[in-house]
Amino acid sequence: TTFEGATLTIRIPEGIEDGEVLLVAGEGHPSLRGGKPGDLWLTVRVTLDELFTRDELDLEITIPVTIAEAVLGARVEVPTPHGTCMMNLPESIHSGTKLRLREMGVHRGDKKGDLYAIIEIKAPTFLDDDIKEAAKALSRGYTSDVRAHLKKK
């Protein structure tokens with residue numbers, strides 16, 4: 001029986017969601033009339049790693065990539081709750097693209113959520129004349145106005 005100030009070790013099931021309630025039989029307050037102790041009900045509060053957001057069993061993570069990786073494609077490391085994995089970026093990927101890593105999200109029993117990697121293209125912080133010329137050369141790869149959909153007709 002647990003008393004105020006005592007420590008109790010509880011097994012939290014894998015994949016539990018915020019707000020779920022766990023029942024710990026016989027670990028509540030003792031009966032006032034000498035009977036068995038009651039049950040302890042715990043409301044679980046789940047906090048996520050700052051890298052991930054959660055939607056049921058699925059997780060999302062933002063993956064920064066360089067302009068070169070976005071244009072040429074690359075293999076990049078992606079942290080997951082189950083360890084780091086390698087992900088292939090296709091050529092000419094856009095910011096905001098979601099790539100799915102199957103079954104790398106939250107696991108709960110025999111159910112496994114997916115991890116969605118959201119691509120975020122980062123511009124270089126160091127600019128010299130060669131980098132500026134390379135950026136001008138990249139602009140020739142656009143075949144239409146990328147903001148055409150924003151213009152009034």
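Since this is a predicted model, take the numbers as computed values, not measurements.
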Search all heavy atoms of Pro124 against all heavy atoms of Leu127 and return the closest pair with its distance.
CG-CD2, 4.0 Å
Heavy-atom side-chain proximity of Ile61 to Leu115 below 4.5 angstrom
yes
Distance col, row Lys111:NZ vs Glu56:CD, nearest 0.5 angstrom, shows 9.5 Å
Distance (rounded to the nearest 0.5 Å) between Lys112 NZ and Leu57 CG
11.5 Å
So do the side chains of Leu22 and Val44 get within less than 4.5 Å of each other, counting heavy atoms only?
yes
Honestly curious: do Leu51 and Met104 fall in one hydrophobic cluster under the side-chain, below-4.5 Å linking rule?
yes
In Å and rounded to the nearest 0.5 Å, what is the CD1 to CD1 distance from Ile119 to Ile63?
6.5 Å
Where is the tightest heavy-atom contact between Pro64 and Lys122, given as atom of each residue plus distance?
CB-CG, 3.9 Å
Go through the structure and list residues passing side chain to side chain contact (heavy atoms under 4.5 Å, CB included) with Val146, not counting sequence neighbours.
Tyr142
Any Val21 side-chain heavy atom under 4.5 Å of Leu42 side chain:
no
Just by modelled atom types, is the Ile121 backbone N or O under 3.5 Å from a matching donor or acceptor in the Ser95 side chain?
yes
Can Val24 and Leu8 be said to form a side chain to side chain contact (heavy atoms under 4.5 Å, CB included), step by step?
CA-CA 10 Å; Val24 185; Leu8 181 65; 4.3 Å; yes
Is there a side-chain contact between Val106 and Leu59 in this structure, where contact means two heavy atoms from C-beta onward sitting under 4.5 Å apart?
yes
Rounded to the nearest 0.5 Å, what separates atom OG1 in Thr53 from atom OH in Tyr116?
12.0 Å
So that I can tick it off, tell me whether Glu20 and Arg108 are bridged by a salt bridge, with the cut-off set at under 4.0 angstrom between side-chain N and carboxylate O.
yes
Any ion pair linking Glu60 and Arg54 (charged N to carboxylate O, less than 4.0 Å)?
no
Around atom CG of Asp129, are there more than 12 heavy atoms of other residues, nucleotides or ligands at under 6.0 Å?
no
To the closest 0.5 Å, what do you measure between CZ (Phe52) and CG (Asp58)?
13.0 Å
When the side chains of residues 70-87 are checked against the rest of the protein, which donor-acceptor pairs come out under 3.5 Å, sequence neighbours left out?
from: Arg75; atom 1: NH1; to: Asn88; atom 2: OD1; distance (Å): 2.9
from: Thr80; atom 1: OG1; to: His82; atom 2: N; distance (Å): 3.0
from: Thr80; atom 1: OG1; to: Gly83; atom 2: N; distance (Å): 3.2
from: Thr80; atom 1: OG1; to: Gly83; atom 2: O; distance (Å): 2.5
from: His82; atom 1: NE2; to: Gly105; atom 2: O; distance (Å): 2.6
from: His82; atom 1: NE2; to: His107; atom 2: NE2; distance (Å): 3.4

Side chain to side chain contact (heavy atoms under 4.5 Å, CB included), that's the test. Do Ile118 and Thr97 meet it? Break it down for me.
CA-CA 6 Å; Ile118 302 169; Thr97 300; over 6 Å; no
Salt-bridged, Asp114 to Arg102, with N to O below 4.0 Å?
no
Leu89 vs Leu99 side-chain heavy atoms within contact, under 4.5 Å:
yes
